Amino acid sequence: MQLTTQPTGRPATMTYWLSHAWLGTHVEPGVALDVSDGLIAGVRTGVATPPPGATVLRGLTLPGLANTHSHAFHRALRSTVQVGSGTFWTWRETMYQVASRLTPDSYYDLARAVYAEMALAGITAVGEFHYLHHAPGGTPYDNPNAMGEALIAAAGEAGIRITLLDTAYLSAGFGKRPTQYQQPDRHQLRFSDTTADAWAERASLLKGGDHALIGAAVHSVRAVPAAQLATVAAWAEERRAPLHVHLSEQTAENDACLAAHGRTPTRLLADHGVLGPRTTGIHNTHLTAEDIALLGSSATGTCMCPTTERDLADGIGPAVALQRAGSPLSLGSDSHAVIDLFEEARAMELNERLRTRARGHWTAAALLRAASVDGHAALGRPEAGVIEPGAPADLATVALDSVRTAGPVPRLAAEAVVFAASAADVRHTVVAGRHIVRDGRHAHVEDVPAALASAIAALHR
């Protein structure tokens, strides 16, 4: 494993010509982007033909997509967990088996391939919810952040940005009294730093870089004792870093929290200072009206992961009510049952249609915002997700002539992409002005399917 950052060598200035661009409210034909030092320096509209020397991006060019919630190693579960039936809790046992086999080197190999798959899907930034910290049995590596650094290096090699959300995961669940929590089981020993103070000491050693930010996460209210939640929240607050938390994904967790503390997980987090505008709740599925009000009034974000939520039979969260209350929405591929932000975006809308038997809860523009602007903000990059001067030159171009997208007039290209395109329709991905995916091929990972197959096979031998 090589610990590197993104490959360098991009020209200081260059121009991209976009046949069609999504400018946040509409599709604009003929747009030239001047890029300098990885940022958009100028946006010129009405440019009917490519300027001399410009790199041509044909299709609908969007701001690069943000995958707000990822567990990279879950990619190795795809298909394996589709055999037979079960629940979230039986799925978790299979996940533990894969986690038990990972080393820093094998995790680097897998994550590099997974992040390359994301780049092929137009994703330019990922939020990696990282809790696989130690060696089997819980013994720290000589480098206590070997696993986290492997993920940072993997993202750099795959050419995308990463917010490493280093996760506190200290217990196996609630005990019989509010101050009593279950000790981690043999699988969870790899995840635990034993206390929030020890977690904070280790996490403080992590360093970001041009392509990497460091954030924090509370795995869940069952995995971090209530008395230690404030330590994690304070660590993030001191650094003005993103703070994420799995929240009310399962009714069983809600029931256990009520039994132990006499309050919902959302109220417990609020009482210990975890909620706020830099915090994002992942899933937010089974909420009370008071929970929704708490999340909205604190401007705590919501990351919906529809493909995982339906794959695990979790349920459909109250996304419309959360957004109306003031909770910004973002999207994640979570367990990577598929890696396709267009599928996540339309699934949020289509799930709501099934639940309410009414259509049109979000426009294509609103869904693209969740997949870009609000996703990047949840990852600590509020300047990203737009095609405007001063923004990062992070772009994703979707073909408008595939069997899924051909036919609609150009002004409806956003609707065609959101409601019909797939990750396979992404033709170009640009990060910091660098062409990472060109004509559907990754510039640095020569054969992404082979890299995935090799890394996953190594974990199932």
Side-chain angles (χ1 to χ4, degrees), residues 22-27 60 62-63 65-69 121-123 247-249 251 266 277 280-334 337-338 340-378 385-386 396 398 404-405 408 411-423 425:
W22 176 249
L23 298 185
T25 57
H26 66 285
V27 176
L60 178 64
L62 311 167
L65 305 178
N67 189 354
T68 306
H69 188 63
I123 293 163
L247 179 56
S248 288
E249 181 179 6
T251 55
T266 301
T280 298
I282 311 302
H283 306 301
N284 294 1
T285 305
H286 303 286
L287 303 177
T288 67
E290 182 193 24
D291 293 340
I292 293 170
L294 284 168
L295 293 167
S297 63
S298 62
T300 299
T302 294
C303 177
M304 305 296 290
C305 305
T307 64
T308 292
E309 288 151 6
R310 67 192 183 199
D311 182 53
L312 298 181
D314 286 343
I316 300 171
V320 170
L322 282 160
Q323 189 173 51
R324 286 176 178 165
S327 179
L329 300 179
S330 58
L331 298 164
S333 62
D334 191 359
V338 297
D340 187 335
L341 264 290
F342 305 121
E343 176 64 24
E344 304 295 345
R346 65 175 159 263
M348 186 165 70
E349 165 67 24
L350 298 179
N351 283 353
E352 194 67 16
R353 292 183 186 186
L354 283 174
R355 193 175 68 83
T356 63
R357 293 185 291 176
R359 303 178 75 237
H361 303 277
W362 292 278
T363 63
L367 293 171
L368 285 174
R369 181 179 179 88
S372 57
V373 178
D374 289 337
H376 288 291
V386 292
V398 186
R404 287 165 291 277
T405 59
R411 67 181 178 82
L412 296 178
E415 285 76 11
V417 166
V418 170
F419 289 101
S422 78
D425 295 315

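These numbers come from the heavy atoms of this one structure, side chains and all, not from hydrogens, waters or symmetry mates. As the structure is a computational prediction, the values presented were derived from the model and not from experiment.
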side-chain contact (heavy atoms from CB on, under 4.5 Å) between Trp362 and Val418, intermediate numbers included: CA-CA 11 Å; Trp362 292 278; Val418 170; over 6 Å; no

For Ser327, give me all partners under side chain to side chain donor-acceptor pair (under 3.5 Å), at least two apart in sequence or on another chain.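 Residues passing side chain to side chain donor-acceptor pair (under 3.5 Å) with Ser327: Thr302.
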
Partners meeting side chain to side chain donor-acceptor pair (under 3.5 Å) with Ser333 (sequence neighbours left out):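 Partners of Ser333 by the side chain to side chain donor-acceptor pair (under 3.5 Å) criterion, ordered by chain and then number, come out as Asn67, His336.
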
How many angstroms lie between [atom1] in [X] and [atom2] in [Y], if you round to the nearest 0.5 Å?
X      : Y      : atom1 : atom2 : value
Glu344 : Asn351 : CD    : CG    : 9.5 Å
His69  : Thr280 : NE2   : OG1   : 11.0 Å
Leu341 : Arg346 : CG    : CZ    : 11.0 Å
Leu412 : Leu60  : CG    : CG    : 11.5 Å
Thr25  : Leu368 : OG1   : CG    : 11.5 Å
Leu312 : Asp334 : CG    : CG    : 7.5 Å

Mind checking what makes side-chain contact (heavy atoms from CB on, under 4.5 Å) contact with [X], not counting sequence neighbours?
X      : result
Ala313 : none
Ala358 : Thr356, His361
Ala416 : Pro408

Quick one: does any side-chain atom of [X] pair with a main-chain N or O of [Y] as donor and acceptor, under 3.5 Å?
X      : Y      : result
Asp425 : Ser422 : yes
Glu249 : Ile282 : no
Arg404 : Ala421 : no

Atom of [X], atom of [Y] and distance for their closest heavy-atom approach:
X      : Y      : value
Ala66  : Gly375 : CB-C, 3.6 Å
Thr300 : Ser298 : OG1-OG, 2.8 Å
Ile292 : Ala321 : CG2-O, 3.7 Å
Pro318 : Thr285 : CD-O, 3.3 Å
Leu65  : Ala121 : CD1-O, 3.9 Å
Ala365 : Trp22  : CB-CZ2, 3.5 Å

As a quick check of understanding, evaluate side-chain contact (heavy atoms from CB on, under 4.5 Å) for Leu247 and Leu295, giving each step before the final call. CA-CA 11 Å; Leu247 179 56; Leu295 293 167; 4.0 Å; yes

Which pairs with one or both residues in [range] pass salt bridge (charged side-chain N to carboxylate O under 4.0 Å, His left out), sequence neighbours excluded?
range            : answer
residues 353-362 : Glu349-Arg353, Glu352-Arg355
residues 300-322 : Arg310-Glu343
residues 282-297 : Arg267-Glu290
residues 297-306 : none

Side-chain contact test, heavy atoms from C-beta onward, threshold under 4.5 Å: evaluate it for Cys305 versus Cys303 and give yes or no.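 Sidechains of Cys303 and Cys305: in contact.
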
Which residues pass the salt bridge (charged side-chain N to carboxylate O under 4.0 Å, His left out) test with [X], sequence neighbours left out?
X      : result
Asp340 : none
Glu415 : none
Arg324 : none

Passes side-chain contact (heavy atoms from CB on, under 4.5 Å), Leu287 versus Leu322? Steps please. CA-CA 10 Å; Leu287 303 177; Leu322 282 160; 3.8 Å; yes

